[in-house]
There are 2 protein chains.
Amino acid sequence: MQSYTEENYLKIIYHLAEKTTNVQTNAIAEQMQTKPASVTDMIKKLADKGLVDYVKYQGVTLTETGRNAAIDIVRKHRLWEVFLVDKLNFKWDEVHDVAEELEHIRSIELIERLDEFLGFPKADPHGDPIPDKNGRFAKTQFIKLIELKVGDTGTITGVSQHSSAFLKHLEKLGLTLGKKIKISDVTDFDGSVEIQLADKQVNISREVAKHILISSNGKN
Amino acid sequence: MQSYTEENYLKIIYHLAEKTTNVQTNAIAEQMQTKPASVTDMIKKLADKGLVDYVKYQGVTLTETGRNAAIDIVRKHRLWEVFLVDKLNFKWDEVHDVAEELEHIRSIELIERLDEFLGFPKADPHGDPIPDKNGRFAKTQFIKLIELKVGDTGTITGVSQHSSAFLKHLEKLGLTLGKKIKISDVTDFDGSVEIQLADKQVNISREVAKHILISSNGKN
DNA sequence: AAAAATTTTTAGATTTACCTAAAAATTTAA
DNA sequence: TTAAATTTTTAGGTAAATCTAAAAATTTTT
Ligand SMILES: [Mn+2]
Ligand SMILES: [Mn+2]
Ligand SMILES: [Mn+2]
Ligand SMILES: [Mn+2]
């Protein structure tokens, strides 16, 4: 059994490993909002417990056991987010912090029943896939909106930035999950993108476009 | 803001204070499953924080602030128990341990919305009253079943023992919350009680009868 | 009102998860 | 390929919540 802190480390290492091959001490420290020296201490402990492979100065990798533990936390986090949005009417920008706490509740039975109660959802309110009880989930095949060309169409199916400010901004623009879009223009000057929605046209900055994920209906 | 451990101490002190005027170090230690020496340490800390009044060797009392904090934990515990039973189909003997964890989740918004989602329940699955968001709840006026006389009638509205073994036993006998009962006999020899239910007659030991709470329809 | 039993507190350690400052290793730049 | 910059680790410490063993206070019994 892991402590809450150990669980948080495992989850963060897991998420970092999705982006970079080599998970570095400093990166973990930043995510954990702690100091590199503390990370080294914890990594040693996780290595002793067989949850990560660790070679001094060479970064860290999750073991099979460690990855399974991490995926379990991610599963819980995302199921709780669905609960908060679907059942308690939270907004998609309000759920993350509470889910950070709820993800540590230790009861297999609870999560199985919650999953069932929610109708075995496949994705959380941000479009992220929810692992099933065996830790399996479909590799999502999203394209960043920024990569689309003028004329391309698609559906918003995820975001790669979960800050409340960003999510509220999208909400205000009407760029929520499930919305069908078409790229009507890309400005050379600042890279901002003009998007055609069903009922209106909106303009988003390049920075925003980077963090919207699209399941493409096919390129133009 | 209190740590999980501090919250557990406050809750236990609150519950002990319901039974005895003077809450003793040893009693707290037993409930917390820890040693008296550790309790003394923690009591000092709680006293420093203004959550309890403490005089060496004279036991401990909750301050206004401490009691409010305790009641808030109790509220959360009981609301989560209702959620587990009403929404996730847990049995009344399965919810306590999970609620022990859930009660520490820190989000006022979460609890308000959960309360609403559950329909502002007044009692938890064991018949215990749920404080409202201002910490107010009706003082329950229950009588122990053991105190009833032959011919008395009433409704089962609570239990004063929450162990799984006890609750499962009641379940098997059909002695669940809301059931109407009539005392048909009390055995002199062992104090066991014969109870008339709507559809059947059951016999319970004196020990069991002590822990069933009745809202009396009036004595005979 | 002593003596005995019980309860509570103190003293001194331990463990977990941190920290700062300094040393060591690795990577990047000149 | 040295020198400089960056990253990572080690060394030594702190605070929270525990513990055991022993001392002190309180309560109960004789
Ligand atoms: Mn989240
Ligand atoms: Mn999410
Ligand atoms: Mn309970
Ligand atoms: Mn209860």
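Across all strands shown, C:dA1 is found opposite D:dT30 as a Watson-Crick or G-U wobble partner, with both distances under 3.5 Å. Across every strand in view, D:dT20 sits in a pair with C:dA11 that passes the Watson-Crick or G-U test at under 3.5 angstrom.
More than 12 heavy-atom neighbours from other residues, nucleotides or ligands sit within 6.0 angstrom of CD on B:E18. Enclosure of atom CD in B:E100 by more than 12 non-hydrogen atoms of other residues, nucleotides or ligands within 6.0 angstrom is indicated. Within a 6.0 Å radius of NZ in B:K133, no more than 12 heavy atoms belonging to other residues, nucleotides or ligands are found.
Between A:K56 and D:dT10 there is a side-chain polar atom (N or O) within less than 4.0 angstrom of OP1 or OP2. Look at B:Q24 and you won't find any side-chain N or O under 4.0 angstrom from OP1 or OP2 of C:dT7. Side-chain N/O atoms of A:Q33 include none lying less than 4.0 angstrom from OP1 or OP2 on C:dC18. Phosphate proximity of D:dT9 to A:T40: present, with a side-chain N or O under 4.0 Å from OP1 or OP2. Listed pair B:Y57 / D:dA23 fails the phosphate criterion, with no side-chain N or O lying under 4.0 Å from OP1 or OP2. Taking only side-chain nitrogens and oxygens, B:T34 comes nearer than 4.0 Å to OP1 or OP2 of D:dC19. Between D:dT10 and A:K44, a contact under 4.0 Å exists linking OP1 or OP2 to a side-chain N or O. The side chain of B:Q58 contributes an N or O atom lying less than 4.0 Å from OP1 or OP2 of D:dT26. Not one side-chain nitrogen or oxygen of A:Y9 sits closer than 4.0 Å to the OP1 or OP2 atom of C:dT16.
Candidate nucleotides D:dA11, C:dC18, D:dT18 were compared by shortest atom distance to the side chain of A:D41, and C:dC18 ranks first. The nucleotide whose nearest atom lies closest to any side-chain atom of A:N26 is, among D:dT8, D:dT9, C:dT9, D:dT8. Counting only heavy atoms from C-beta on, B:T25 has its side chain closest to C:dT9 among C:dC18, C:dT9, D:dT10. Closest contact between the side chain of B:S38 and the listed nucleotides D:dT18, C:dC18, C:dT9 involves D:dT18.
Both tests pass for B:K87 against the ring of B:F117: distance under 6.0 Å to the centre and angle within 45° of the axis.
Within the 4.0 angstrom heavy-atom criterion, no nucleotide atom of any strand lies near A:Y4.
One atom, CD of A:Q2, and another, P of C:dT16, lie 14 Å apart when rounded to the nearest Å. Taking atom NZ of residue A:K35 and atom P of nucleotide D:dT6, one finds them 17 Å apart after rounding to whole Å. Rounded to whole angstrom, the span from the CD atom of A:E6 across to the P atom of C:dC18 amounts to 10 Å. Rounding to whole angstrom units, CG of residue A:N22 and P of C:dT26 are separated by 13 Å. Distance, B:K49 NZ to D:dA15 P: 14 Å, rounded to whole Å. In this structure, the CD1 atom of B:I43 is 11 Å from the P atom of C:dT10, given to the nearest Å. The CG atom of B:L16 sits 15 Å away from the C1' atom of C:dT7 (whole-angstrom rounding).
With respect to B:K210 and B:E207, a salt bridge is recorded, a charged nitrogen being found less than 4.0 Å from a carboxylate O.
With B:V74 as the fixed residue, the side chain to side chain contact (heavy atoms under 4.5 Å, CB included) test singles out one of B:H77, B:K76, B:R78: B:R78.
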